[in-house]
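Report on the structure given below.
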Amino acid sequence: MSHNHKHSAPLPETVLRVKSLESLLVEKGLVDSAALDQLVDRYENRVGPRNGAAVVARAWTDAAYRDRLLADGTAAIAEMGYTGAQGEHIIAVENTDRVHNVVVCTLCSCYPWPVLGLPPVWYKSAPYRSRVVREPRAVLAEFGTVLPEDVEVRVWDSTAETRYLVIPKRPDGTEGMSAAELAELVNRDSMIGTRLASNVQEGEAA
Amino acid sequence: MSSNDTLAENLDLPRDDGGPVFEEPWQAQAFALTVKLNEQGCFSWSEWADIFGAEIARATKAGRGCGNEDYYLCWLAALERIIEEKNILTRDQLLARKEAWRHAGEHTEHGQPIVLGDGPGGH
């Protein structure tokens with residue numbers, strides 16, 4: 001096929017808007033294109049829930065670390081080398097036989113980036129943001145998480161200043177497993193509180 | 001219950017299997033620009049969250065509050081707004097530059113990188 005027309009498909013409006021912002025901000029010296037690419041790469045490839053899983057697995061296996069994590073989440077997480085934007089004030093909340101914690105940002109999508117990466121699409125959605133506060137058990141059930149009646153469900157609303165990391169309950173039958181093995185059981189949603197940590201069989205399947 | 005909630009009530013929770021963080025490059029770029037401007041001290045994250053949250057509330061009210069695309073459209077609108085409110089760039093600058101990029105896009109051979117030339121608003 002030989003054609004000689006000059007026009008490519010028109011650039012979408014969103015692309016034009018972002019290109020305009022970027023080129024003007026680069027000219028003003030406020031941002032640098034290479035640094036923008038690095039940042040995107042970081043969030044696409046390096047910062048993600050594996051960081052949080054390592055934190056949780058350590059808390060499960062190291063009582064002193066767990067205490068530090070509950071006392072000062074940000075510092076204990078920084079100890080493991082996980083720092084950066086939106087991690088300035090992270091509070092760790094622990095699930096027990098009596099209490100189950102679940103996290104939302106009702107305003108927008110505040111989320112502990114250094115340990116979980118960027119939020120999943122459902123976390124950002126209007127139905128999750130509005131419903132989990134009012135009917136947490138119903139929302140949890142949609143995620144397949146059904147809790148005993150006597151477990152208290154606490155919903156934490158994140159803000160621009162305060163982010164939450166849920167420490168899920170350590171699954172039964174994992175005595176003797178190493179922190180690295182346990183980290184495989186800590187799925188992303190369990191650190192938001194919508195699911196439980198995977199059991200050993202699920203962990204092997206993943 | 002606000003009308004906001006009623007609308008949201010009728011939407012299903014979107015599912016997500018740990019897919020890509022960004023669906024399209026413009027979403028990643030808008031994200032990165034915001035984080036960098038915050039790092040530069042152009043605005044605080046609380047200021048950002050207020051403006052971004054207001055965009056999300058507006059979109060939710062209009063029945064658009066449910067996917068990555070909607071989410072990043074809100075993000076982009078909030079970014080343009082905070083940049084204007086903080087006097088970092090003017091609306092006119094943004095509009096002129098957008099037309100320059102549109103012109104450049106229309107006058108670039110398919111497969112060639114699009115660069116700003118001497119067209120309207122170019123430099």
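Naming convention: chains lettered A, B, ... in sequence-line order (proteins, then strands); numbering from 1 in each chain.
Residues E99(B) and L16(A) have side chains not in contact (no heavy-atom distance under 4.5 Å, counting atoms from C-beta outward). Counting heavy atoms from C-beta outward, V15(A) and W101(B) have side chains that stay 4.5 Å or more apart. Taking 4.5 Å as the limit, some side-chain heavy atom of L21(A) sits within range of a side-chain heavy atom of L76(B). Taking the side chain as every heavy atom from C-beta outward, Q29(B) and L36(A) never approach each other to under 4.5 Å. At least one side-chain heavy atom of L39(A) sits under 4.5 Å from a side-chain heavy atom of K36(B). Between I56(B) and L107(A) the shortest side-chain heavy-atom distance does not fall below 4.5 Å.
Note on G53(B), S44(B), A54(B): by heavy-atom pairs under 4.5 Å with chain A, the leading option is G53(B). For the set S20(A), C108(A), C110(A), the entry with the most heavy-atom pairs within less than 4.5 Å of chain B is S20(A).
Within the 4.5 angstrom heavy-atom criterion, only side-chain atoms of L79(B), from C-beta onward, approach chain A. No part of A78(B) comes within reach of chain A, as not one of its non-hydrogen atoms sits under 4.5 angstrom from that chain. Only the side chain of Q86(A) comes within less than 4.5 Å of a heavy atom in chain B; its backbone stays farther off. There is no contact between C74(B) and chain A, counting heavy-atom distances below 4.5 Å. Heavy-atom distances place the side chain of K28(A), and not its backbone, under 4.5 Å from chain B. Residue Q40(B) touches chain A through its side chain alone, counting heavy-atom pairs closer than 4.5 Å.
Exactly one of L37(B), L89(B), I83(B) qualifies for a side-chain contact (heavy atoms from CB on, under 4.5 Å) with L30(A). That residue is L37(B).
Pairs passing the side-chain hydrogen bond (donor to acceptor under 3.5 Å, both in side chains) check and including a residue from residues 71-81 of chain B, sequence neighbours excluded, read R17(A)-E80(B), S109(A)-Y71(B), T34(B)-W75(B), E55(B)-R81(B).
Residues meeting the side chain to side chain donor-acceptor pair (under 3.5 Å) test with Q27(B), sequence neighbours left out: none. For N45(A), the side chain to side chain donor-acceptor pair (under 3.5 Å) criterion is met by D41(A), not counting sequence neighbours.
When every heavy atom of V18(A) is checked against every heavy atom of W26(B), the shortest pair comes out as CG2-O, 3.9 Å. Across all non-hydrogen atoms, the minimal contact from A160(A) to A49(B) is CB-CB, 3.8 Å.
Residues from residues 50-62 of chain A never place a non-hydrogen atom less than 4.5 Å from a non-hydrogen atom of chain B.
Atom CZ of residue R97(B) and atom CG of residue L25(A) lie 10.0 Å apart, to the nearest 0.5 angstrom. Rounding to the nearest 0.5 Å places CG of L11(A) at 12.0 Å from NZ of K98(B).
Between W113(A) and F31(B), the ring planes lie tilted relative to each other; the angle falls in the 30° to 60° range.
In the displayed structure, D150(A) atom CG is contacted under 6.0 Å by more than 12 heavy atoms of other residues, nucleotides or ligands.
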